[in-house]
Colleague: 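Take this structure, written in structure tokens, and hold onto it; I'll ask about it next.
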Amino acid sequence: MVSLGDIDSESFVMCCDDGSKDATWEVINRLHAADRRVKGLSLAHNRGHQNVLMAGLMTVKEMCDAAISIDADLQDDPEAIVEMVAKFRVGSEIVYGVRSDRSTDTRFKRLTARGFYSFQNAMGLETVYDHADYRLMSRRALEMLGSYGERNLFLRGIVPQLGLSTSKVMYKRNVRAAGESKYPFVKMLNFSVDGITSFTSKPIRFIFLIGMLFLVLDLIVGIWVLCAFFSGHTISGWSSLMLSIWFLGSLVLISIGVVGEYVGKIFTEVKGRPIYAISETVGLES
């Protein structure tokens, strides 16, 4: 682990409880009672991974030179912190923890994860491949992050936009010690859609281009139909007509859905509600 020669003796561990209904907060309190270097905060309601992560980072940004975020599922190797701190000390203000391989994942998980990052990059979203939210951020980086006032948080997309000096630390991810992943395929897909619609308008432009393509196709088909009609070779086209109606109908619904995603984001942003509310803290009173 990191020695006191690498970090300040007043450094601490901040445990963030996302308004859980189990005994998580009681465990955090017991850990604090046993060691004052363990502090904690609990949200009033379950607000999701990105929001509770933001709450923790914004709480400690005035109390540290740098903060490292790490999930509590024991998959991210804490030994990587040593190299993260070393890279921070030589000038990196953001250090990404990046998985060196995915040997602990199932083949389906590896395939969907690769698709997740590829889809984001294709849509114009800048992310770090095989990096989740295990990272070191300097105090300046945290202050810059705090200036982003958006409600729809996608930290994996926001942090690369800060434009500060960065580096990577490769590590081998461990098998989950207990429980199940909070990001199965459906949730990963939703997470990807949230990230894309929060950072780029490419999907709307993509729909426009598809519409233009089908306009050209419609003109070609229209010319073919007119030629067939005037040459007396008109063929009953019920099947092709029905297929066209269903296909174009689906395309219209998908287009409305994509536009709806953006409208929903606007609706959430303009209300300006706080993204989290802290219910209790321990070790932060002074």
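Any value given below was found using the heavy atoms of this structure, including those in side chains, with hydrogens, waters and symmetry copies removed.
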Colleague: Could you give all pairs that pass the ring pair (Phe, Tyr, Trp, His ring centres under 6.0 Å) test and reach residues 51-73, with sequence neighbours left out?
Modeller: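 Qualifying pairs, neighbours excluded: none.
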Colleague: Val38 and Cys15: which non-hydrogen atoms are nearest, and at how many Å?
Modeller: CG1-SG, 4.0 Å
Colleague: Kindly compute the distance separating CG (Leu57) from SG (Cys64), expressed to the nearest 0.5 Å.
Modeller: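 The SG atom of Cys64 is 8.5 Å from CG of Leu57, to the nearest 0.5 Å.
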Colleague: Looking only at heavy atoms, which two atoms of Lys172 and Asp77 are closest? And how far apart?
Modeller: O-CB, 4.0 Å
Colleague: Same cluster or not: are Leu53 and Met63 linked, directly or through other Ile, Leu, Val, Met, Phe, Trp or Tyr residues, by side-chain heavy atoms under 4.5 angstrom apart?
Modeller: yes
Colleague: For the backbone of Ala132 and the side chain of Arg135, can you confirm whether one donor and one acceptor N or O come within less than 3.5 Å of each other?
Modeller: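 Here the side-chain-to-backbone pair exists.
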Colleague: Does the side chain of Val13 come within less than 4.5 Å of Lys39's, by heavy atoms?
Modeller: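 No, side chains not in contact.
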Colleague: Is any side-chain heavy atom of Glu79 less than 4.5 Å from a side-chain heavy atom of Tyr171?
Modeller: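 Heavy-atom side-chain distance check fails, nothing below 4.5 Å.
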Colleague: Out of Asp18, Asn29, Thr281, Asp17, which residue meets the side chain to side chain donor-acceptor pair (under 3.5 Å) rule with Ser42?
Modeller: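 Testing Ser42 for a side chain to side chain donor-acceptor pair (under 3.5 Å) against Asp18, Asn29, Thr281, Asp17 leaves exactly one candidate, Asp17.
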Colleague: Given 3.5 Å as the limit, does a donor-acceptor pair link the side chain of Gln50 with the main chain of Leu155, or not?
Modeller: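 Looks like yes, one N/O pair under 3.5 Å.
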Colleague: I want to check something: taking the side chain as every heavy atom from C-beta on, are Tyr134 and Ile68 in contact at a cut-off of under 4.5 Å?
Modeller: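 Touching, per the 4.5 Å side-chain cut-off.
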Colleague: When you measure from the side chain of Arg140 to the backbone of Glu93, do you find a donor-acceptor pair of N or O atoms at a distance under 3.5 Å?
Modeller: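 No: the side chain of Arg140 does not pair with the backbone of Glu93.
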Colleague: Under 4.0 Å between a side-chain nitrogen and a carboxylate oxygen: does that hold for Asp133 and Arg156?
Modeller: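 Looking at Asp133 and Arg156, the cut-off is met.
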Colleague: Check the hydrophobic clustering (I, L, V, M, F, W, Y; side-chain heavy atoms under 4.5 Å; chains of links allowed) and say if Leu164 and Val159 are grouped together.
Modeller: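 As far as the 4.5 Å side-chain criterion goes, Val159 and Leu164 are connected within one cluster.
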Colleague: Checking the side chain of Tyr276 only, and the main-chain atoms of Gly48 only, is there a donor and an acceptor separated by less than 3.5 Å?
Modeller: no
Colleague: Run the numbers on Asp130 and Val128 for side chain to side chain contact (heavy atoms under 4.5 Å, CB included), then give the verdict.
Modeller: CA-CA 6 Å; Asp130 269 349; Val128 178; over 6 Å; no
Colleague: Quick check: closest heavy atoms across Cys16 and Val52, and the distance to 0.1 Å?
Modeller: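 Shortest heavy-atom separation between Cys16 and Val52 comes out as CB-CG2, 3.8 Å.
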Colleague: Please answer: with hydrophobic residues joined when any side-chain heavy atoms are less than 4.5 Å apart, are Met54 and Ile158 in the same cluster?
Modeller: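 Yes, because Met54 and Ile158 connect within a single hydrophobic cluster, where side-chain heavy atoms sit under 4.5 Å apart.
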Colleague: Could you measure the distance from the CZ atom of Arg36 to the CG atom of Leu31? Nearest 0.5 Å is fine.
Modeller: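 Nearest 0.5 Å value for the CZ-CG distance: 12.0 Å.
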Colleague: Quick one, Leu162 and Tyr148 - any side-chain contact, counting heavy atoms below 4.5 Å?
Modeller: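 Yes; the side chains approach each other to less than 4.5 Å.
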Colleague: Please step through side chain to side chain contact (heavy atoms under 4.5 Å, CB included) for the pair Phe154 and Thr127, ending with a clear verdict.
Modeller: CA-CA 10 Å; Phe154 187 70; Thr127 56; 4.1 Å; yes
Colleague: Identify the heavy atoms of Gly40 and Ile28 that sit nearest to each other, and give their distance.
Modeller: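 Distance-wise, the nearest heavy atoms are CA-CG2, 4.0 Å.
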Colleague: Would you check if Lys168 and Val95 make a side-chain contact, meaning some heavy-atom pair closer than 4.5 Å?
Modeller: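 No, too far: nothing below the 4.5 Å cut-off.
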Colleague: Ignoring hydrogens and angles, tell me if any N or O in the side chain of Asn46 forms a donor-acceptor pair with the backbone of Gly19 under 3.5 Å.
Modeller: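 Not confirmed, Asn46 side chain does not pair with Gly19 backbone.
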Colleague: Measure the CG-CD distance between Asp8 and Glu10 for me, rounded to the nearest 0.5 Å.
Modeller: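 Answer for the CG-CD pair, Asp8 versus Glu10, is 5.5 Å.
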Colleague: Shortest non-hydrogen contact from Gly91 to Ser165?
Modeller: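 Closest pair (atom of Gly91, atom of Ser165, distance): O-OG, 2.8 Å.
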Colleague: Hey, what do you get for CZ (Phe88) to OG (Ser138), rounding to the nearest 0.5 Å?
Modeller: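 Atom-to-atom, Phe88:CZ and Ser138:OG are 6.0 Å apart.
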Colleague: Which pairs, with at least one residue in residues 53-69 and sequence neighbours excluded, count as a side-chain hydrogen bond (donor to acceptor under 3.5 Å, both in side chains)?
Modeller: Glu62-Arg139
Colleague: Which heavy atom of Leu136 sits nearest a heavy atom of Met84, and at what distance?
Modeller: CD1-O, 3.9 Å
Colleague: Please report the interatomic distance CD(Glu143) to CE(Met137), rounded to the nearest 0.5 Å.
Modeller: 10.5 Å
Colleague: Answer yes if Val27 and Leu284 sit in the same cluster of Ile, Leu, Val, Met, Phe, Trp and Tyr residues linked by side chain heavy atoms under 4.5 Å apart, and no otherwise.
Modeller: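 In one cluster with Val27: Leu284, no.
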Colleague: Can you pull the ring pair (Phe, Tyr, Trp, His ring centres under 6.0 Å) pairs that have at least one residue in residues 17-37, sequence neighbours excluded?
Modeller: none
Colleague: Is there a donor-acceptor pair closer than 3.5 Å between any side-chain N or O of Asp71 and the backbone N or O of Asp73?
Modeller: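 Side chain of Asp71 to backbone of Asp73, a donor-acceptor pair under 3.5 Å: no, none is there.
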